[in-house]
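The structure under discussion appears below in the form of structure tokens.
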Amino acid sequence: GAVVSQHPSRVICKSGTSVKIECRSLDFQATTMFWYRQFPKQSLMLMATSNEGSKATYEQGVEKDKFLINHASLTLSTLTVTSAHPEDSSFYICSAREPRLAGGQNEQFFGPGTRLTVL
Amino acid sequence: DAKTTQPPSMDCAEGRAANLPCNHSTISGNEYVYWYRQIHSQGPQYIIHGLKNNETNEMASLIITEDRKSSTLILPHATLRDTAVYYCIGYRNSGNTPLVFGKGTRLSVIA
């Protein structure tokens, strides 16, 4: 199946700093990527839909100025947590849509996740 | 996408079959039933999906009732590595629709 990578896998930062997380589709081109956040013992919550070459679509309650998403190429989307605070500490997961598999196939592949800890 | 209901947790003895139920009574005709699992601190992993017919692959079997209001994921011979949270998702695979995760079932495989 298709492979999605994330970098870094783990990051610790000080409160007030910004952190960038990368999501890459390694063997396919993804016009659409999705960003999720997961707090301990909770399910994945969709944050935003990232579209190559256009603005991301954010879910209700997600601050677009705090969580900057850039999908500048067909294989890379980045999520930047700006002015991070301890409450932003979470597990961030991206998924990429493989459009050639659309139509009843498993077309979404998930990255391994990034654990963000804000001190 | 259809709302799904799953038991919060289940135990299974190692080597036995694990049967994970899912109710999706509001599923529409063009929505597939997808199953993913998430092992601790990892990204979700695709298991299997189906529309009407029962499906089987190297990981699991999916049994969908004739009225499509419920389904069962079967892991035929559970191992300790199958301990994970299992998510059942009703999904209309079209356009740029994201997967929406419910709370899932936490399966604990016990030696």
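Residue numbers start from 1 in every chain, and the chains themselves are labelled A, B, ... in the order their sequence lines are given, proteins ahead of strands.
- Remark: the backbone N or O of B:Gly43 is not paired with any side-chain donor or acceptor of B:Tyr36 at under 3.5 angstrom.
- Residue-environment remark: NZ (A:Lys64) stays at or below the threshold of 12 foreign heavy atoms within 6.0 Å.
- With a threshold of 4.5 angstrom between heavy atoms, B:Gln38 approaches chain A through side-chain atoms but not through N, CA, C or O.
- Of the atoms belonging to A:Ile93, it is side-chain heavy atoms, and not backbone ones, that fall under 4.5 Å from chain B.
- Distance alone, capped at 3.5 Å, places no donor-acceptor pair between the A:Thr117 side chain and the A:Ser89 backbone.
- B:Glu66 and B:Arg68 are not joined by a salt bridge, as no carboxylate oxygen comes within less than 4.0 angstrom of a charged side-chain nitrogen.
- Among the candidates A:Thr80, A:Thr82, A:Asp88, the single residue satisfying the side-chain hydrogen bond (donor to acceptor under 3.5 Å, both in side chains) test with A:Lys66 is A:Asp88.
- Between the B:Thr83 side chain and the B:Val109 main chain, a donor and an acceptor come within less than 3.5 Å of each other.
- Summarising the geometry of B:Leu99 relative to A:Tyr36, their closest heavy-atom pair is O-OH, 2.6 Å, with the distance given to 0.1 Å.
- With chain B as partner, the option from A:Arg115, A:Gln38, A:Gln6 having the largest number of non-hydrogen pairs under 4.5 angstrom is A:Gln38.
- Chain B is approached within less than 4.5 Å, heavy atom to heavy atom, by A:Leu46, A:Asn51 from residues 45-62 of chain A, ordered by number.
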